[in-house]
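Remember, predicted model here, so these are calculated numbers, not experimental data. Chain letters run A, B, ... following the sequence lines, proteins first and then strands; every chain starts at 1.
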Amino acid sequence: MSAAPTIQIEVNGKPVTAPDQISVPEFLRTQELDPAKIIVEWNGRAQTREEAAGIRLSDGDRLEVVRLVAGG
Amino acid sequence: MSAAPTIQIEVNGKPVTAPDQISVPEFLRTQELDPAKIIVEWNGRAQTREEAAGIRLSDGDRLEVVRLVAGG
Amino acid sequence: MSAAPTIQIEVNGKPVTAPDQISVPEFLRTQELDPAKIIVEWNGRAQTREEAAGIRLSDGDRLEVVRLVAGG
Amino acid sequence: MSAAPTIQIEVNGKPVTAPDQISVPEFLRTQELDPAKIIVEWNGRAQTREEAAGIRLSDGDRLEVVRLVAGG
Amino acid sequence: MESTPNETLRIGDRSFTSRLILGTGKFNSGESMRAACRASGTEMVTVALKRAALREKDPFADILDFLETDRYLVLPNTAGAMNAEEAVRIARLAEAAGLPKWVKLEIHPDPNYLLPDPIETLKAAEILVKEGFTVLPYINADPVLALRLQDAGCATVMPLGSPIGSNRGIETAAQIRIIIEQARVPVVVDAGIGAPSHAAQAMELGADAVLVNTAIAVAPDPEGMARAFAATTHAAWEAHRIGLGRTSATASPTSPLTTFLES
Amino acid sequence: MESTPNETLRIGDRSFTSRLILGTGKFNSGESMRAACRASGTEMVTVALKRAALREKDPFADILDFLETDRYLVLPNTAGAMNAEEAVRIARLAEAAGLPKWVKLEIHPDPNYLLPDPIETLKAAEILVKEGFTVLPYINADPVLALRLQDAGCATVMPLGSPIGSNRGIETAAQIRIIIEQARVPVVVDAGIGAPSHAAQAMELGADAVLVNTAIAVAPDPEGMARAFAATTHAAWEAHRIGLGRTSATASPTSPLTTFLES
Amino acid sequence: MESTPNETLRIGDRSFTSRLILGTGKFNSGESMRAACRASGTEMVTVALKRAALREKDPFADILDFLETDRYLVLPNTAGAMNAEEAVRIARLAEAAGLPKWVKLEIHPDPNYLLPDPIETLKAAEILVKEGFTVLPYINADPVLALRLQDAGCATVMPLGSPIGSNRGIETAAQIRIIIEQARVPVVVDAGIGAPSHAAQAMELGADAVLVNTAIAVAPDPEGMARAFAATTHAAWEAHRIGLGRTSATASPTSPLTTFLES
Amino acid sequence: MESTPNETLRIGDRSFTSRLILGTGKFNSGESMRAACRASGTEMVTVALKRAALREKDPFADILDFLETDRYLVLPNTAGAMNAEEAVRIARLAEAAGLPKWVKLEIHPDPNYLLPDPIETLKAAEILVKEGFTVLPYINADPVLALRLQDAGCATVMPLGSPIGSNRGIETAAQIRIIIEQARVPVVVDAGIGAPSHAAQAMELGADAVLVNTAIAVAPDPEGMARAFAATTHAAWEAHRIGLGRTSATASPTSPLTTFLES
């Protein structure tokens, strides 16, 4: 039995290992983040939650993972 | 028949002729002033309206005759 | 005998007629300006006095003709 | 032989014992003060140095003993 | 937790909810004065005394016809007095007129700047306090004078922000701050308050009340302007009560700034 | 004749009755933020975006849990952006998050003073306007920049009074006055407003609104402070609308002064 | 056409070329005080009186050892006096010490702000003038008090810019302007002058002289600082004499601007 | 220990002893301009360029006839330029005229306030620096812009105090302070300096030089006024170099106060 293939992606500027073809919401959950509260930029483009739900991650992808916070 | 005796008094710094022994309210009315709206200082002492009503003027009396007006 | 050929040039944004091939210093003198006190931009390029002395004007040339003045 | 008689005087608000009839300059010297640098008020009156030199102190006298200092 | 002031202002033996005192001068009609007083929610208004012109109808009738004296304490001032003696006489006349035994003591001989005379003011205050008056003296922003007037028994001190009617606001902030810090009686900032921000600044410095006249009376809409001053005065008083922040030499972020999108 | 503002503030395609915009930073709880927003009567509140920390529970949950988004337009800011490109990316992320296509554009690379970069701000504004954003740029009080941003299609300009969070008030009054005089869009004074008097001063200069954050958020009673700022802002706006008086070099009496008791 | 002042300052029966008066307090040595006095070109320096400590060597010897009394008028002050009577006694002691019959009258009972008492100051001034003293009273910037002191025969008035030693400059500009406008004697601005620009501002307002102490005495280089204050004071006095321009609300070009390179 | 500045001001590849730069506009004659320049001791004066009027004798002859060009660096400005391109063309014309390859870069399209355009100024600065000019840009007091201009290679930054010719002084002190704190090139305060105290204040903030024009040129005695500005500027620079004291909230006595004559 072979191990599931993994990929290296960059999340918020840091390297992270993830299962290949994992969807963005699944990935966020592996990071203990609630996809409903998170906004994602994928390879430099902002994604709505609907768009993000349809993205499956590949090796070398870059993610910005942000949330709304208090601010002036 | 002799004319009624008159007196010289000073009202607001100016000489005024008046009938002798005229009461303050009567005098004010001769000056077209309403005694109910006027405050009087008689020979240097402020008089309530009741006090003023009892004063009869004599020659040489000094009156200050003032009213309340708008002010800041 | 034909008249000397003339050209239309633009000087400080206004059309001016001048003899063809007139040199810049000569032209300035026709305008009652002292070439030694004047700086010229010829077709968009600033010219030193030496450079300006060598330029002969052609139809359609644009000149800016400026001087140094007091200023803060 | 009896001791020299002494007096109680007040100097700068505090009680001080001094020999009776001591002159002001002598008294100042007993206090390690230079009479040439000191100004004296004696019983409420300012004294020039010449005047002070002539004063002999008696019981109950009040002295203010001051000097010139830096000040703005 | 409530927007109306929840601590009362105590002057003499009286308590006030409103911290805005109105001067009644310069309104262009008795009606507009009455409307502005009402809209302001004030509880104290000033009046002046003036020699009556003999045989001449005064145009402005009687000011008391336009003042709802059950709503406001009517505070006579001594404007026009050139010295302590005249101020005392005016105060006594006002009392004789049936007004409360209170007086806004103002003695300002100079006609250009109407700045108060400290010497005569203290002298008159001493006499009037002794006679039982509640004395509210109008003064320059002089902290030592303010203390002496308090020692003499004055019920407030009323330092000026800038000259009467000048609309220049609080030019004396540094000294008003000291007066407030040392005060044992309410401090009312009077004169020069020409805009709501001026009234607000006075209250933020810690003043207990402000007196406003010109800025309301000559406004195109005195009633609306009275309301604006009242709202500002009380809101700023509330802000001061809650506690305003200190100033700082540098900025202090209100949003997270670190390591964002730095790639 | 009514105390609530009777002209609406128009920004982009929206109308606002409130002229107080609230920043949501620095509150010590979501509850106190919510209470202050409510008490202020605001109709627009700012939020920021921040990189999520992986595998770490954020303490402050989701800000939207505490914002009544049906009451307020939620205005994302671009705090943290170091240049135009980053600001544009943040604006797009906010839009993707489902917020209105509005942005408070702020680009302030210097961490000490948080002063905005005029060059990057204009560059980002041009891009965002082209993409259909309603752009509210935070700027230094530079009248020429303000005009260029208006030419570029910005919906407001937001000049600063003093550095963010400094509580120093309107140190830039002279230039804000020019910005207002020349403006074709609403002018919102932002940053440094630390006391109600500062908000009042901005409105008296003719500003259309103010944005306040620190002074409310870190107050001992944010709710009461929000109420105080709201009252002052609107009262001063009203006073400006009615018309404030000019200042004068000398005094102008409020009481009759002539020939009184001169004997 | 000459850079040195060409009109003398007349106080009492004396004329002065220098418009900078020096206080001698706070220098860290007699030598540095002497050097600063010399460098400043001053012609008047203040000294104080102090109770001598019995049986204790005073560290600072005699101040007169360090003052070149042929160069300067030595002006005793009454610092420390709590009331008029004490001030008068101090003035008499100074005279008894052989100093000129001049006195800088200062009565400031409050130890925090050292602000002068207007009532006691006037009282003492009246006595001292009657005794033949040339009286230079230190006062708050109160124009009416200034007039009363002039009426009482004082040789100058010395209004404060801000509290003694505070370095805060001329916080009282509006009232100092009035004092100067109305003055019949020289006006010397005293206290709070902490930088050359403050001294310059005082002179530009029309003051006749300034008194500086702390800013020079505690400077790292008192001599250089004295020189800087002297140069600034006299240059600004000269500028005021020549006539400074009015301020304007808009700009006024210094270069030709029209139709240049517009193509 | 010497009254003349003992550290030189380095701009580009030149050193200057004088810290006062003079603008030559608005003098009423070439002679008075020459006299003022001389009296000021300046080493740098500005000139402008202007379209020559054809067939019209210019009244003011050639400015260089009145400038002693061996004494001063003649600094051409770009006044009249509406954008970067025009400013660059003017700078090149000035160079072609044989002036030093220096330029006071000023681009201020608005005729009322003459405030500089930050965007065009940076654009022009980048071009001119690349072409080898020593660029001295006139800017609003915007610290971020100042840094960007330094990054672009400008030789100074010249923030304004207030609008050109307004005589209003340093209204931008807080932001000029930041510019100076962060500067890696000399900071020259330009515009609005209407009195010696303004020049002094700029230097005390830490500026390296000031540029003055209107206040000297339109004075009744330009020569005397030039001298006054020069003296003040250098004295205040010296005072700043020595080190001025901090301000304090309370007073600090200059005379001994304790236990004096308390009986």
Search all heavy atoms of [X] against all heavy atoms of [Y] and return the closest pair with its distance.
X     : Y      : value
A:G72 : F:E106 : O-OE2, 3.2 Å
A:A70 : F:A48  : O-CB, 3.9 Å
A:I39 : F:A96  : CG2-CB, 4.1 Å
F:A52 : A:I38  : CB-CD1, 3.7 Å

Is it the side chain or the backbone of A:V40 that comes within 4.5 Å of chain F heavy atoms, both, or neither?
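Interface part for A:V40: backbone (N, CA, C, O).
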Please lay out, stage by stage, how F:R89 and A:E64 fare under the test side chain to side chain contact (heavy atoms under 4.5 Å, CB included).
CA-CA 10 Å; F:R89 284 166 68 193; A:E64 284 291 333; 3.8 Å; yes
Does a side-chain heavy-atom distance below 4.5 Å link F:V47 with A:V69?
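When only atoms from C-beta onward are counted, A:V69 and F:V47 do not touch, as no gap falls below 4.5 Å.
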Pairwise side-chain contact, F:R51 with A:R67, heavy-atom cut-off 4.5 Å (strictly under):
no
Any chance you could measure A:R45, atom CZ, to F:L93, atom CG, to the nearest 0.5 Å?
12.0 Å
dist F:L64:CG -> A:L68:CG (nearest 0.5 Å) comes out at 5.0 Å
Which bit of F:L99 comes within less than 4.5 Å of chain A, counting heavy atoms only: side chain, backbone, both or neither?
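For F:L99, the contact with chain A is made by the side chain alone.
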Which atoms of F:E95 approach chain A - backbone, side chain, both or neither, heavy atom under 4.5 Å
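Interface part for F:E95: neither.
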